[in-house]
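By convention in this document, chain letters (A, B, ...) are assigned in the order of the sequence lines, proteins followed by strands, and residues within each chain are numbered from 1. Note that the structure is predicted; figures quoted are calculated from it, not measured.
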Number of protein chains: 2
Amino acid sequence: MPLRRPDILRAARELIDAEGLDEFTARKLATALKAPAGELQWYFGDRQAVLEAIAEDLMAGVGEPPPAGPWDQRLITLAHRLRRALLGLRDGARLFSSTFVTEPNTLLAGRTGMQILIEAGLPPDQAGWTVMAMTHFVVGHVIEEQSPRPELPADLSGEDELIRELAATVTADPARRFEFGLGLLLDGIRRLF
Amino acid sequence: MPLRRPDILRAARELIDAEGLDEFTARKLATALKAPAGELQWYFGDRQAVLEAIAEDLMAGVGEPPPAGPWDQRLITLAHRLRRALLGLRDGARLFSSTFVTEPNTLLAGRTGMQILIEAGLPPDQAGWTVMAMTHFVVGHVIEEQSPRPELPADLSGEDELIRELAATVTADPARRFEFGLGLLLDGIRRLF
DNA sequence: ACCTGAACACCGTTCAAGT
DNA sequence: ACCTGAACACCGTTCAAGT
């Protein structure tokens, strides 16, 4: 019974969720699939190919046209979907950012963002650059959000005021920080019109 | 003659510049330093510790207070310095984003950003969240900017219009895309006042 | 033709043995 | 006390040999 692609990807995601991206190895994946060591390369190509396939899978559904409505609301929906998609897998954002996939799901996500902005009246080049900027913000945010933080020293009373505020910022609810940052970007985008 | 920390870090950066982050191994570093295999762990701790030290080094100077002037210009200066710092090493942004350093250079960069915004009149929590959002954009941008892109199919005439525009966006000058995205964010930040 | 597992050339890290 | 190199438990990938 040959290994089926969905089985391989599911097993890979389980491994990454369980142990993190850095612990994910092709050999562990083969073991989990009760397959010999070299089988992955035979069916799938190298380890990087597996990661790229997972990245593309993560983007499933992100680029479906959001419900009709104001362009800014539709763009916000897209940004939230992208964040959700990346959060759907441990180290998902880091994985995504270490690939450069040009497969349907990934392309559609960018395409849909551009379409929303062009329909709203933006010239295509500005639409593209805007979608890109938003994507960079979301990816950067979720990478940080998913990265394990070293336990901060409990006693910051020796530090200056600003460093304490910085520590408070980092430990604040990431969902609210995301909303805030996305709001800034959206306010800037509105000014393009 | 014991290995000196600056020598270790310089050799590590040379290796990463030459072969990329994924090819960087503690053993190659030891070989480059003409040191035995286990020496790194003895002097420095594990491979991740070397990467964190490099990340902290990359941030040197970023957080120096920018020249006096309008707050938005000072913030832009900070963003440019951060981008430059990350571009200073192959895969620098990916390296930086896979660490969570709480050392002087890195903390100072965040602190200075907050200070600029607080002096401009923003409450500390908004200042922190704003700096964070800007950092996420910059890091996300440079990760993409530094990532090797697969050669796109030369002939996109079969693709639809939007996909062609998307391809044009990705291949556009990254410095100009950066300026554009940073401008969006700044326009949003100005609306906070 | 398709599959596989043994083998190759590596890893990071530890720790007994040396100085 | 400080250093080191041999050894351990892994890697990703290839490719001869099998079916």
From CZ of B:Phe44 across to P of D:dT4 the rounded distance in Å is 17 Å

Taking the minimum atom-to-atom distance to the side chain of A:Gln41, which one of D:dC11, D:dT13, C:dG12 wins? D:dT13

What interatomic distance, in whole Å, is found between P of C:dC3 and the corresponding atom of C:dA7? 23 Å

Could you tell me whether B:Glu23 and B:Lys28 make a salt bridge, using a distance below 4.0 angstrom between a side-chain N and a carboxylate O? yes

Taking for each residue the nucleotide of DNA chain C with the nearest heavy atom, is it A:Arg27 or A:Trp42 whose nucleotide lies nearer the 5' end? A:Trp42

What's the closest nucleotide to the side chain of A:Asp46 if the choices are C:dT13, C:dC11, D:dT13? D:dT13

What I want to find out is whether B:Glu161 reaches B:Arg164 closely enough, with some N-O distance under 4.0 Å, to be called a salt bridge. yes

C1' atom, C:dC15 versus C:dT19: distance in rounded Å? 16 Å

Rounded to the nearest Å, what distance is computed from the CZ atom of residue B:Phe24 to the C1' atom of nucleotide C:dC10? 16 Å

Nucleotide of D:dC11, D:dT4, C:dC11 approaching B:Thr25 most closely (side-chain heavy atoms): C:dC11

Provide the Watson-Crick or G-U wobble partner of C:dC10, both distances under 3.5 Å; none if there is no partner. none

When the ring planes of B:His136 and A:Phe137 are compared, do they come out parallel, tilted or perpendicular, using 30° and 60° as the limits? tilted

Heavy atoms only, 4.0 Å cut-off, all strands: where does B:Ala26 land among base, sugar-phosphate and nothing? sugar-phosphate

Salt bridge flag under 4.0 Å for residues A:Arg177 and A:Glu144: yes

Can you tell me the base-pairing partner of D:dC15? Count Watson-Crick or G-U wobble geometry only, both distances below 3.5 Å, and say none if there is no partner. C:dG5

Are any of A:Tyr43's side-chain N or O atoms less than 4.0 Å away from OP1 or OP2 of C:dC2? no

